[in-house]
Enquirer: 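Please see the structure below; I have some questions.
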Amino acid sequence: MTNSTSLRTHSCGQLGAAHVGSRVTLAGWVARRREHGDKLAFLDVRDFSGVMQCVIDDGTDARSEWVVQVTGTVTARPAGTVNANLSTGEVELTDCTVVVLNAAEPPPFPIDQRADEVDENIRLKFRYLDVRRERMQRNLRLRASVNSAIRTAMEGQGFVEVETPLLMPSTPEGAREFLVPSRKEPGSFYALPQSPQLWKQLLMVAGVDRYYQIARCLRDEDLRADRQYEFTQLDAEMSFVTKDDVLAAISRAVLAAAHAATGETPPPIEQITWHDAMNRFGTDKPDMRFAMELVELTDAFVGTAFKAFASAPSIKGIRVDAATYPEAAAIGRNKLDQLTERAKQLGAKGLVWIKVGDAGALESPVAKFLSDAEKSSLVAALGATSGDLLLLVADEWSTTCAVLGQLRNDLARPPVHEGPYRYVWVVDFPLFIGINPTTKKPQPGHHPFCHPHPDDLVKMESDPLHVRALAYDLVLNGWELGSGSIRIHEPELQRRVFQLLGIDDETADRKFGFFLQPFRYGAPPHGGFAFGIDRLVAILAGEENIREVIAFPKTQSGLDPMTNAPGPVDVGQLNELGLRTLPRPAN
RNA sequence: GGUCCCGUGGUGAAGUUUGGAGUUCACGCCGGCCUGUCAAGCCGGAGGUCGCGGGUUCAAAUCCCGUCGGGACCGCCA
């Protein structure tokens with residue numbers, strides 16, 4: 001690849017000792033000017049590739065962020081003036097001619113590492129200046145190479161890139177949609193896709209066999225560090241496959257992306273069942289970089305006199321190991337009260353804390369209610385030693401898992417980008433995740449097109465909550481990267497699932513007719529997956545926030561400080577769309 | 001919808017707890033000096049509605065109420 005254009009012969013960062021003696025022309029921005037009188041000034045010229053020091057002896061005025069074109073001779077720096085901190089630090093440009101291509105106002109913040117400390121709102125307001133910085137250039141280029149590796153991996157496996165519509169009918173299940181008013185059909189609306197889910201399944205019916213797309217998805221839900229209104233997924237679907245075929249194909253793309261970003265290929269991605277993930281880590285997106293696993297204690301308290309434990313279906317505990325987490329294990333009464341409050345917010349009735357004293361004596365407000373046998377089996381089960389802090393929750397199984405899983409994260413989870421990358425497939429998700437309190441019907445865990453596990457079909461009606469789905473998630477360091485499933489391709493089974501959900505034929509036809517009718521014409525067995533590229537790239541880039549790997553992101557309230565979107569529109573535009581706005585509700 | 005943190009020259013901070021003149025530090029900016037620096041150095045200067053509104057007070061960056069904006073999280077994200 002060459003960086004030369006009509007206005008330059010090289011890029012700044014590519015020059016080095018090998019170019020000494022060459023006459024070159026660079027173009028870029030003035031990163032810094034160091035003046036030593038009329039006869040000598042150093043101009044650091046920056047472009048996307050790096051910085052080159054230019055020695056100026058004619059007093060040319062060129063200040064921070066002015067756009068310049070510099071022609072000079074690549075020269076080895078004099079002894080003692082080499083800058084080891086700069087990739088181009090062995091050389092400099094001498095005998096320079098500077099052409100000012102554009103002057104510039106002083107930037108609102110320094111275009112270097114110091115801007116990491118600048119208020120993010122200001123960075124976003126001047127995002128075009130923020131992106132000039134090395135960190136953002138690196139992140140965007142990392143993202144591009146991840147995209148490229150994914151494309152190569154998918155195409156190498158026979159996946160065909162197909163673009164799918166952004167304007168589609170509203171299918172109001174799931175995430176809140178962005179709506180687009182129709183001009184030709186006033187009062188009617190398109191929806192923007194939450195994902196290309198329906199389209200890609202139709203492509204399987206259409207015989208495409210293997211589809212992929214680096215697809216933009218849009219969801220009108222509240223924003224977070226790992227969530228934007230619009231985000232990008234690798235979306236894929238394949239025909240005539242089982243779960244393992246899908247996991248293998250997606251694994252290749254993920255590992256290729258990781259290799260492109262880090263230069264290293266991670267080990268094969270391990271698998272854990274959803275039930276094991278919940279049991280051991282208390283969450284369906286386990287962060288397996290650290291231990292502190294949940295320990296089953298229900299059997300240790302059979303027949304206990306302690307009322308809070310006596311009738312609980314599930315008792316679990318975690319051990320905050322004093323050797324690994326000295327600060328967390330040694331927290332005082334005040335912090336323990338806060339932990340208890342946190343547990344209650346998470347749905348627990350309470351939190352039992354036990355401190356293990358020097359002689360192994362248990363110190364706890366509830367110690368007096370526990371028998372010696374219970375104490376010793378508790379200590380044995382948790383492997384507790386002096387100085388440890390033990391946290392116990394007794395409740396429904398799902399609650400003990402969820403509460404302790406969250407406390408485990410609160411107490412010991414490192415920042416998402418730190419430490420080794422621990423990819424894990426979470427498999428065998430339940431088909432339903434509980435009963436809707438109003439409709440009394442089961443709620444789908446993923447979407448209603450997930451294929452039930454064939455072994456569990458017999459208990460679909462009798463015991464729906466214990467039916468597994470052929471559904472799976474990909475998790476990295478405690479972040480859900482994505483999910484997928486084998487889909488239902490048999491109309492009869494689909495009808496059966498809809499019936500369980502309380503969706504009759506007529507309703508199903510009205511809501512999903514355009515999607516279901518094609519399945520009558522011979523749908524192949526198929527399944528797929530989608531994972532979030534923003535999240536993957538953020539972690540691989542060492543960022544804790546996906547905004548850092550998006551060129552123009554929105555703030556947490558969904559605004560763009562640079563363009564001021566969203567904004568009002570002309571009444572004429574509204575009239576054309578047949579729309580009228582309501583006054584904003586008074587506060 | 002909720003909880004918590006933040007808002008002070010262009011930028012980052014200190015000052016707020018315990019009210020007393022827009023006070024301070026660093027960077028940047030403007031001018032001067034300076035021939036080997038590299039986040040150059042030295043000297044001088046400019047630059048402010050302390051987010052906004054209201055209240056308490058003789059007096060508010062500081063205390064109270066409201067509001068706007070930013071961030072983290074809960075809800076939400078089939």
Side-chain angles (χ1 to χ4, degrees), chain A residues 31-46 51-57 59 63-65 75 77-86 88-89 92 94 105-126 129 171-177 194-195 197-198 217-229 231 338 341-342 345-347 406 409-410 415 429 431-434 436 442-450 469 471 480 483 485 497 501 503 511-512 532 544-545 547 554-559 561 564 585-587:
Chain A
R32 192 151 295 278
R33 177 191 180 88
R34 293 178 293 280
E35 237 181 70
H36 294 256
D38 288 344
K39 297 269 169 43
L40 176 65
F42 298 99
L43 221 55
D44 287 344
V45 176
R46 177 190 64 237
V51 166
M52 171 59 76
Q53 171 167 289
C54 304
V55 185
I56 308 300
D57 54 14
R63 305 183 180 209
S64 286
E65 302 309 314
T75 310
R77 292 196 187 186
T81 67
V82 167
N83 185 348
N85 297 322
L86 215 56
T88 59
E92 61 189 7
T94 56
E105 292 180 20
F109 53 82
I111 311 299
D112 57 34
Q113 277 185 351
R114 286 171 293 184
D116 291 345
E117 310 301 321
V118 170
D119 188 297
E120 196 182 346
N121 205 34
I122 294 171
R123 289 176 56 205
L124 291 181
K125 186 170 180 180
F126 300 92
L129 298 180
T171 49
E173 280 68 26
R176 188 181 297 114
E177 299 170 317
Q194 307 163 32
S195 80
Q197 180 67 36
L198 305 181
C217 307
L218 300 106
R219 296 179 187 174
D220 188 4
E221 299 290 352
D222 287 359
L223 285 59
R224 289 280 195 284
D226 60 351
R227 276 157 46 182
Q228 284 271 305
Y229 281 154
F231 59 99
Q338 287 176 22
E341 198 49 44
R342 171 83 165 144
Q345 283 171 1
L346 293 164
Q406 188 59 56
N409 277 342
D410 289 352
F429 267 71
L431 189 63
F432 305 110
I433 50 158
N436 184 313
Q443 296 176 293
H446 190 44
H447 55 59
F449 316 117
C450 265
E480 180 193 324
S483 57
S485 62
V497 170
L501 296 172
I503 302 173
K511 286 185 170 177
F512 302 109
E544 297 184 56
N545 190 311
R547 293 188 297 274
K554 307 265 188 299
T555 66
Q556 195 166 72
S557 55
L559 311 178
N564 289 322
N587 291 312

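Below, chain A is the first sequence line, B the second, and so on; all start at residue 1.
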Enquirer: Quiz question: going by heavy-atom distance under 3.5 Å, is there a donor-acceptor pair between the base of C76(B) and the side chain of Arg227(A)?
Expert: yes
Enquirer: Do Glu35(A) side-chain and U37(B) base share a donor-acceptor contact under 3.5 Å?
Expert: no
Enquirer: Test of understanding: with side chain to side chain contact (heavy atoms under 4.5 Å, CB included), list the residues that count as partners of Ser195(A), not counting sequence neighbours.
Expert: Gln197(A), Cys217(A), Arg219(A), Gln233(A)
Enquirer: Closest approach to the side chain of Asp222(A), judged atom by atom: which nucleotide of G75(B), C73(B), C77(B) is it?
Expert: G75(B)
Enquirer: With nearest nucleotides of RNA chain B determined for Lys39(A) and Ser557(A) from heavy-atom distances, which residue corresponds to the more 5′ nucleotide?
Expert: Lys39(A)
Enquirer: So Asn121(A), base contact, sugar-phosphate only, or nothing? Heavy-atom distance under 4.0 Å.
Expert: sugar-phosphate
Enquirer: For Asp116(A), I'd like to know if atom CG has over 12 heavy atoms of other residues, nucleotides or ligands within 6.0 Å.
Expert: yes
Enquirer: Hunt down the Watson-Crick or G-U wobble partner of U16(B), both distances under 3.5 Å, from any strand shown, or write none.
Expert: none
Enquirer: Considering just the side-chain nitrogens and oxygens of Arg34(A), establish if one lies under 4.0 Å of OP1 or OP2 belonging to A40(B).
Expert: yes
Enquirer: Looking at G71(B), I'd like to know if its phosphate oxygens (OP1 or OP2) sit under 4.0 Å from a side-chain N or O belonging to Arg123(A).
Expert: no
Enquirer: Between Phe42(A) and Arg32(A), is any pair of side-chain heavy atoms under 4.5 Å apart?
Expert: no
Enquirer: Base, sugar-phosphate, or nothing: which does Thr81(A) touch, judged by heavy atoms less than 4.0 Å apart?
Expert: base
Enquirer: So Arg219(A), base contact, sugar-phosphate only, or nothing? Heavy-atom distance under 4.0 Å.
Expert: sugar-phosphate
Enquirer: With rounding to the closest Å, how many angstrom separate the P atoms on A14(B) and C29(B)?
Expert: 24 Å
Enquirer: Excluding sequence neighbours, so at least two apart, what forms side chain to side chain donor-acceptor pair (under 3.5 Å) with Gln228(A)?
Expert: none
Enquirer: Restricting both atoms to N or O, compile the protein contacts to nucleotides 5-11 of chain B shorter than 3.5 Å, with distance only.
Expert:
{"from": "G10(B)", "atom 1": "O2'", "to": "Pro108(A)", "atom 2": "O", "distance (Å)": "2.8"}
{"from": "U11(B)", "atom 1": "O4'", "to": "Pro108(A)", "atom 2": "O", "distance (Å)": "3.3"}

Enquirer: Check whether any side-chain N or O of Arg33(A) sits under 3.5 Å from a backbone N or O of Arg63(A) as a donor-acceptor pair, and report yes or no.
Expert: no
Enquirer: So which nucleotide from U37(B), A39(B), G75(B) ends up closest to the side chain of Arg224(A)?
Expert: G75(B)
Enquirer: Categorize Glu92(A) for me: base, sugar-phosphate, or nothing, with a 4.0 angstrom heavy-atom threshold over every strand shown.
Expert: base
Enquirer: Report the base-pairing partner of G66(B) (Watson-Crick or G-U wobble, both distances below 3.5 angstrom), or none.
Expert: C52(B)
Enquirer: Can you list, pair by pair, the side-chain donor-acceptor contacts under 3.5 Å of residues 106-115 of chain A, counting residues two or more places apart and other chains?
Expert:
{"from": "Asp112(A)", "atom 1": "OD1", "to": "Arg114(A)", "atom 2": "N", "distance (Å)": "2.8"}
{"from": "Asp112(A)", "atom 1": "OD1", "to": "Arg114(A)", "atom 2": "NE", "distance (Å)": "3.2"}
{"from": "Asp112(A)", "atom 1": "OD2", "to": "Arg114(A)", "atom 2": "NE", "distance (Å)": "3.3"}
{"from": "Asp112(A)", "atom 1": "OD2", "to": "Arg114(A)", "atom 2": "NH2", "distance (Å)": "2.7"}

Enquirer: Confirm from the modelled atom types if Gln194(A) and C77(B) form a donor-acceptor pair under 3.5 Å, side chain to base only.
Expert: no
Enquirer: Using only side-chain N and O atoms of Gln556(A), determine if any of them is under 4.0 Å from OP1 or OP2 of A72(B).
Expert: yes
Enquirer: Taking any strand in view, what nucleotide pairs with G45(B) in a Watson-Crick or G-U wobble way, both distances under 3.5 Å?
Expert: C29(B)
Enquirer: For C76(B), which nucleotide is its Watson-Crick or G-U wobble mate, given both distances must be under 3.5 Å?
Expert: none
Enquirer: Can you find a side chain N or O atom of Arg547(A) that sits less than 4.0 Å from OP1 or OP2 on A72(B)?
Expert: yes
Enquirer: Now, which nucleotide makes the Watson-Crick or G-U wobble pair with C4(B), with each of the two distances under 3.5 Å?
Expert: G71(B)
Enquirer: Mind checking side chain to side chain donor-acceptor pair (under 3.5 Å) for Thr555(A) and listing every partner two or more places apart, or none if nothing turns up?
Expert: Ser557(A)
Enquirer: Tell me what Gly89(A) touches on the nucleic acid: a base, only sugar-phosphate, or nothing, going by heavy atoms under 4.0 Å.
Expert: nothing
Enquirer: In whole angstroms, how far is the C1' atom of G36(B) from the CG atom of Asp38(A)?
Expert: 16 Å
Enquirer: With a 4.0 Å limit, can you tell me whether Arg63(A) has a side-chain N or O closer than that to the phosphate oxygens OP1/OP2 of C30(B)?
Expert: yes
Enquirer: Nearest to the side chain of Leu559(A) - G70(B), C38(B), C77(B)?
Expert: G70(B)
Enquirer: Among the nucleotides A39(B), U37(B), C29(B), which one has an atom lying closest to any side-chain atom of Asp112(A)?
Expert: A39(B)
Enquirer: Stacking between His36(A) and the base of G36(B) (centre distance under 5.5 Å, interplanar angle under 30°)?
Expert: no
Enquirer: Does some side-chain heavy atom of Arg34(A) sit less than 4.5 Å from a side-chain heavy atom of Gln53(A)?
Expert: yes
Enquirer: According to a strict under-4.0 Å criterion, is Ser64(A) in side-chain N/O contact with OP1 or OP2 of G28(B)?
Expert: no
Enquirer: Can you tell me the base-pairing partner of A61(B)? Count Watson-Crick or G-U wobble geometry only, both distances below 3.5 Å, and say none if there is no partner.
Expert: none
Enquirer: What integer number of Å spans the P atoms of G70(B) and U56(B)?
Expert: 31 Å
Enquirer: Can you name the residues that form a ring-ring contact (aromatic ring centres under 6.0 Å, His included) with Phe449(A), not counting sequence neighbours?
Expert: His447(A), Phe512(A), Phe515(A)
